[in-house]
Amino acid sequence: MPKEPIILGIESSCDDTSAAIIYGRRILSNEIATQEIHSLYGGVVPELASRAHQQNIIPVVDTAIREANISKEDIDAVAFTQGPGLLGSLLVGSSFAKAYAMGMGIPLITVNHMQAHILSHFIDEGKAVPKFPFLCLTVSGGHTQIVRVESHSNMQVIGTTIDDAAGEAFDKSAKILQLAYPGGPLIDKYARGGNIHAFKFGKPKIKDLDFSFSGLKTSILYKIQDSVQKNPKFIQEHLGDLCASIQYSIVNILLEKIQKAIYKTGIKEIAIAGGVSANSFLRSELQKLADEKKINLYIPKFEYCTDNAAMIAISGYFKYLEKEFASQNEVPSASLSF
Ligand code: KG4
Ligand code: ZN
């Protein structure tokens with residue numbers, strides 16, 4: 001049997017600096033340095049993000065190699081996030097990966113961050129992986145997409161947001177509630193025990209499989225501004241109910257469109273990916289839908305939902321098998337599509 005490759009994955013598209021080592025489809029290490037500094041500013045500050053990547057990249061890669069119990073000479077290829085993402089952040093990871101590949105005389109592999117979120121399902125966890133073709137609801141801080149996945153390399157976006165992403169809707173709502181950044185996990189936490197029907201917010205009317213979240217955000221903002229004017233302690237007194245109702249509204253928009261996509265395509269293999277797929281309400285509501293409609297649902301492990309280099313490494317693995325290597329002339333692209 002041929003030896004499986006060992007690949008170093010590098011992720012630096014937003015505010016997490018991450019390095020992972022994969023052997024075949026098995027993750028040996030997945031190191032992530034999360035940049036806490038952005039919580040002081042209520043969102044990611046691109047200039048600070050690239051500076052922090054610059055500080056973190058070497059220690060993170062060093063630790064990933066050490067944790068994997070390999071030496072740097074064992075690595076067969078370097079895969080890095082080419083985009084989409086913040087250009088200054090992407091430049092750090094791509095420059096590092098190019099220099100590393102050249103220095104070690106090994107192939108370089110470019111990876112699309114959004115495709116990588118989807119391919120994280122193929123990391124060997126000893127459990128079933130989605131069967132082609134499947135639909136993936138990819139929901140992150142920057143994107144909201146329904147993707148029809150035909151193979152590891154052939155994917156089509158069949159629905160996307162026309163304004164904010166689902167993660168952005170969580171984060172912007174959290175900001176209105178005076179919660180720290182990123183607010184998605186906090187809304188998830190405070191929503192537990194809250195009443196999902198306590199408050200009603202505007203529902204978008206967008207055709208086909210596309211999404212919109214900006215109207216919902218405006219409706220939340222007006223409701224809270226009005227209520228705080230009448231009662232300055234409104235947010236504190238109703239935090240659980242507000243979080244539960246906001247979460248319910250966002251998740252409902254996602255559920256409605258995924259149901260429509262299932263109906264339109266007839267595909268009953270469904271996966272979720274991206275940071276928002278860590279949301280407990282989305283997970284449980286999708287599971288209910290899957291049980292009801294006899295759908296095979298694939299939910300990633302928490303650590304592979306938000307940004308991580310393990311998903312870059314597994315994407316690199318599939319390209320390595322196809323010998324799809326990149327040249328040193330490759331540059332990052334903030335709006336890379338597929
Ligand atoms: O995929 P990701 O780590 O980064 C991007 O590529 O954007 O996604 C980050 C997004 C943020 O908006 C964050 O608030 C959201 O994922 N998120 C959540 C949860 N965990 C992370 N949103 C709702 N509930 C969660 N538990
Ligand atoms: Zn992401």
Side-chain angles (χ1 to χ4, degrees), residues 9-18 35 38 41 43-54 57 78-98 108-120 136-150 152-172 181-182 184 206 208-214 217 254 257 273-277 305-309 311-312 315-316 318-319 324 326-338:
I10 305 284
E11 157 63 26
S12 73
S13 66
C14 191
D15 58 340
D16 294 303
T17 319
S18 182
Q35 304 174 3
H38 306 288
Y41 299 91
V44 177
V45 184
E47 179 64 27
L48 295 178
S50 37
R51 281 191 224 179
H53 282 305
Q54 196 77 48
I57 189 95
V78 186
F80 72 96
T81 305
Q82 186 175 28
L86 300 170
L87 194 60
S89 293
L90 291 166
L91 275 166
V92 178
S94 62
S95 306
F96 177 88
K98 281 159 82 169
L108 183 69
I109 299 170
T110 53
V111 172
N112 179 302
H113 179 90
M114 297 311 293
Q115 290 191 339
H117 270 301
I118 298 171
L119 294 177
S120 66
C136 188
L137 175 67
T138 318
V139 271
S140 71
H143 294 84
T144 299
Q145 300 175 334
I146 299 178
V147 182
R148 186 186 166 112
V149 187
E150 303 285 351
H152 297 124
S153 55
N154 181 1
M155 308 183 190
Q156 295 125 32
V157 178
I158 58 171
T160 189
T161 180
I162 59 163
D163 42 54
D164 291 349
E168 229 174 330
F170 271 107
D171 297 338
K172 286 180 177 172
Y181 176 87
I206 304 295
D208 297 331
L209 299 177
D210 288 338
F211 301 87
S212 165
F213 292 97
S214 70
K217 180 198 62 196
L254 298 172
K257 293 292 176 156
V276 180
S277 64
C305 289
T306 44
D307 289 349
N308 66 86
M311 67 186 199
I312 307 303
S315 308
F318 291 119
K319 284 197 165 181
E324 232 187 278
S327 91
Q328 283 283 335
N329 293 334
E330 287 290 349
V331 286
S333 162
S335 57
L336 189 70
S337 56
F338 42 104

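Positions are given from 1, in the same order as the sequence printed here.
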Is a side-chain donor or acceptor of D171 paired with a backbone partner of A169 at a separation under 3.5 angstrom?
-> no
Calculate, to the nearest 0.5 Å, the distance between atoms CZ and CD1 belonging to F211 and I162 respectively.
-> 11.5 Å
Q145 CD to I118 CD1 distance, which is reported to the nearest 0.5 Å | 7.0 Å
Sorted by chain and residue number, the side-chain contact (heavy atoms from CB on, under 4.5 Å) partners of A52 (sequence neighbours excluded) come out as Q35, N56
What heavy-atom pair brings I312 and A116 nearest, and what distance separates the two atoms?
-> CD1-CB, 3.7 Å
Hey, what do you get for CG (N329) to CG (L108), rounding to the nearest 0.5 Å?
-> 10.5 Å
What are the two closest non-hydrogen atoms of I146 and L137, and how far apart are they?
-> CG1-CD1, 4.0 Å
For a side chain to side chain contact (heavy atoms under 4.5 Å, CB included) with Q54, tell me which candidate from L91, T17, V92 qualifies.
-> V92
Compare every heavy atom of H38 with every heavy atom of A49, then report the nearest pair and how far apart it is.
-> N-CE1, 3.7 Å
Could you grab the distance from atom CG of D16 to atom OG of S89, nearest 0.5 Å is fine?
-> 10.0 Å
Please identify each residue that fulfils side-chain hydrogen bond (donor to acceptor under 3.5 Å, both in side chains) with E330, with sequence neighbours left out.
-> Q82
Show the atom names and distances, to 0.1 Å, of all donor-acceptor pairs under 3.5 Å that link a side chain in residues 331-338 to residues at least two apart or in another chain.
residue: S333; atom: OG; partner: L336; partner atom: N; Å: 3.3

Whether E168 side chain and A165 backbone form a donor-acceptor pair below 3.5 Å | yes
Report yes or no: does K257 contribute a side-chain atom to a donor-acceptor pair with the main-chain N or O of D208 at less than 3.5 Å?
-> yes
When you look at S12 and H53, which way does the side chain to side chain donor-acceptor pair (under 3.5 Å) test go after all the steps?
-> CA-CA 7 Å; S12 73; H53 282 305; 4.9 Å; no
If you take all heavy atoms of L254 and T144, which pair is closest and at what distance?
-> CD2-CG2, 3.9 Å
Closest non-hydrogen contact found for A97 with V78 is CB-CG1, 3.7 Å
Quick one: list whatever passes ring pair (Phe, Tyr, Trp, His ring centres under 6.0 Å) with Y181, sequence neighbours left out.
-> none
Of all residues at least two apart in sequence or in a different chain, which pass the side-chain contact (heavy atoms from CB on, under 4.5 Å) check with S153?
-> S151
With sequence neighbours excluded, residues passing side-chain contact (heavy atoms from CB on, under 4.5 Å) with C305 = S277, A278, R283, P300
Residue list, salt bridge (Lys or Arg N to Asp or Glu O under 4.0 Å) with D164, at least two apart or on another chain | K172, K217
What's the spacing between M311 CE and T81 OG1 if we round to 0.5 Å?
-> 6.0 Å
Excluding sequence neighbours, so at least two apart, what forms ring pair (Phe, Tyr, Trp, His ring centres under 6.0 Å) with H152?
-> F122, F132, F318
Among all residues two or more places apart in sequence or in another chain, which pass the side-chain contact (heavy atoms from CB on, under 4.5 Å) test with D163?
-> T161, S212, F213, S214
When every non-hydrogen atom of M155 is compared with those of V149, the smallest separation belongs to CG-CG1, 4.0 Å
Does the side chain of I10 come within less than 4.5 Å of I57's, by heavy atoms?
-> yes
For residues 108-119, the side chain to side chain donor-acceptor pair (under 3.5 Å) pairs (sequence neighbours left out) are E11-H113, S13-H113, H113-H117, H113-D307, H117-D307
Stepwise side chain to side chain contact (heavy atoms under 4.5 Å, CB included) check, C14 with V44 = CA-CA 8 Å; C14 191; V44 177; 4.1 Å; yes
How many angstroms lie between atom CZ of F80 and atom OG of S95, to the nearest 0.5 angstrom?
-> 9.0 Å
